[in-house]
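Everything below concerns the one structure shown next.
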Number of protein chains: 2
Amino acid sequence: MKNRLKVLRAERSWSQQDLADRLEVSRQSVNAIETGKYDPSLPLAFRIAETFDMSIEEIFTKD
Amino acid sequence: MKNRLKVLRAERSWSQQDLADRLEVSRQSVNAIETGKYDPSLPLAFRIAETFDMSIEEIFTKD
DNA sequence: TCACTATGTAAAGGGTGTTTGACAATGATT
DNA sequence: AATCATTGTCAAACACCCTTTACATAGTGA
């Protein structure tokens, strides 16, 4: 799975920590998802989509 | 998270095994997701959405 | 009744997601 | 030069996802 987190975050000038705070996860989780180390859980994917006011499919794609 | 898996599956007259085969997971995984024991991983949620030709948001909701 | 299908559930084990704490490297500011 | 914010990464620990194997129950049809 690929994702557009890094771009979306940059567009808003948020640090990884800023996004982590909004998502209520650790900064390391945000970093790991951005750098492709693993995919978020489904509930977290929903929170991410909410945070960026987009659908999950607009943020994540199957490679 | 809630999901409409059981209804969508019934609409197509698929057994849990039928759906599991299409998703390439075990029948127990389908059952566990349907009965709310846990949420699928994000990649599996994508396969589920594809299988039913719907968006993830149309199938899963945050309670 | 006997077989067969479908569903729910349980236990054990491997793999993944998330956490905290820590350290290093870079770039900007003072 | 020293500080600070940001990012990347690592390790250990714990919870969750998914597997296989297995057993129990209920419904269907020969």
Side-chain angles (χ1 to χ4, degrees):
Chain A
M1 306 244 18
K2 288 184 178 175
N3 70 74
R4 308 207 303 124
L5 232 58
K6 198 162 190 164
V7 173
L8 295 173
R9 184 172 61 77
E11 283 174 0
R12 288 157 182 77
S13 299
W14 292 345
S15 68
Q16 291 183 345
Q17 184 64 64
D18 290 336
L19 178 54
D21 290 345
R22 288 171 187 268
L23 296 173
E24 296 183 307
V25 296
S26 68
R27 177 184 69 84
Q28 286 85 341
S29 287
V30 169
N31 183 78
I33 293 166
E34 281 194 1
T35 58
K37 287 197 182 163
Y38 51 71
D39 300 318
S41 67
L42 187 57
L44 179 50
F46 265 84
R47 275 183 277 154
I48 292 171
E50 275 179 3
T51 298
F52 290 112
D53 202 26
M54 300 172 75
S55 71
I56 291 179
E57 285 87 348
E58 284 171 326
I59 302 178
F60 298 90
T61 57
K62 297 183 63 179
D63 290 340
Chain B
M1 307 247 14
K2 287 183 179 175
N3 70 73
R4 310 205 303 123
L5 231 60
K6 198 162 189 164
V7 173
L8 295 172
R9 184 172 61 76
E11 283 173 0
R12 288 158 182 78
S13 300
W14 292 346
S15 68
Q16 291 182 345
Q17 185 65 63
D18 290 336
L19 178 54
D21 290 344
R22 289 171 186 267
L23 296 174
E24 296 183 305
V25 295
S26 69
R27 177 183 70 84
Q28 285 82 346
S29 287
V30 169
N31 183 77
I33 293 166
E34 281 193 1
T35 58
K37 287 196 182 163
Y38 52 71
D39 299 318
S41 66
L42 187 56
L44 180 50
F46 267 83
R47 289 200 306 261
I48 293 171
E50 276 179 3
T51 298
F52 290 112
D53 201 25
M54 301 173 74
S55 70
I56 292 179
E57 284 88 348
E58 285 171 328
I59 302 177
F60 298 90
T61 57
K62 298 183 60 178
D63 288 341

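In the text below, chain A, chain B and the rest are named by the order of the sequence lines, each starting its count at 1.
Atom CZ in A:Phe60 sits about 11 Å away from atom P in C:dG17, given to the nearest Å. Rounded to whole Å, the distance from OH on A:Tyr38 to C1' on D:dC10 is 12 Å. In this structure, B:Asp39 atom CG and D:dA15 atom P are separated by 17 Å, rounded to whole Å. Protein atom CG of B:Leu5 is 14 Å distant from nucleotide atom C1' of C:dT7, rounded to whole Å. Following rounding to the nearest Å, B:Leu42 (CG) and D:dC17 (C1') show an atom-to-atom distance of 13 Å. Remark: P of C:dT16 and CE of A:Met1 are 15 Å apart, rounded to the nearest angstrom. In this entry the distance linking CD of A:Gln17 with P of D:dT9 reads 17 Å, nearest Å. Atom CD1 in A:Ile48 sits about 12 Å away from atom C1' in C:dG17, given to the nearest Å.
Here D:dT9 is the nucleotide among D:dT19, D:dT9, C:dG17 with the atom lying nearest to any side-chain atom of A:Thr35. Checking C:dA10, D:dC18, D:dC10 against the side-chain heavy atoms of B:Ile33 singles out D:dC18 as nearest. Among the nucleotides D:dG8, C:dG8, D:dA22, the one closest to any side-chain atom of B:Gln28 is D:dA22. The A:Asn31 side chain lies nearest to D:dT7 when the options are C:dT19, D:dT7, C:dA6. Counting only heavy atoms from C-beta on, A:Arg27 has its side chain closest to D:dT7 among D:dT7, D:dC18, C:dT7. Listed nucleotides D:dC18, C:dT7, D:dG8 differ in distance to B:Ser41; the shortest reach to its side chain belongs to D:dC18. In this structure, of C:dT7, D:dG8, D:dC10, it is C:dT7 that holds the atom nearest to the side chain of B:Ser15.
The structure places CG of B:Leu19 at 5.5 Å from CG of B:Leu5, a figure rounded to the nearest 0.5 Å.
Within the 3.5 Å criterion, the main-chain N or O of B:Gln28 finds no donor-acceptor partner in the side chain of B:Gln16. Without hydrogens or angle criteria, A:Arg27 side chain to A:Gln17 main chain gives no donor-acceptor distance under 3.5 Å.
For C:dG8, the OP1/OP2 oxygens have a side-chain nitrogen or oxygen of B:Lys6 closer than 4.0 Å. Within the 4.0 Å cut-off from OP1 or OP2 of D:dT19, at least one side-chain nitrogen or oxygen of B:Ser26 is found. At C:dT7, one or more side-chain N or O atoms of B:Arg9 fall inside 4.0 Å of OP1 or OP2 (strictly under the cut-off).
Here B:Ser29 lies in heavy-atom contact (under 4.0 Å) with a base.
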A:Glu24 vs A:Arg47, test: salt bridge (charged side-chain N to carboxylate O under 4.0 Å, His left out). Steps then yes/no. CA-CA 9 Å; A:Glu24 296 183 307; A:Arg47 275 183 277 154; 5.1 Å; no
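Shown are A:Asp39, A:Leu23, A:Val30; of these, the side chain to side chain contact (heavy atoms under 4.5 Å, CB included) with A:Leu44 is made only by A:Leu23.
Side-chain N/O atoms of B:Glu34 and base N/O atoms of C:dT7 include no donor-acceptor pair closer than 3.5 Å.
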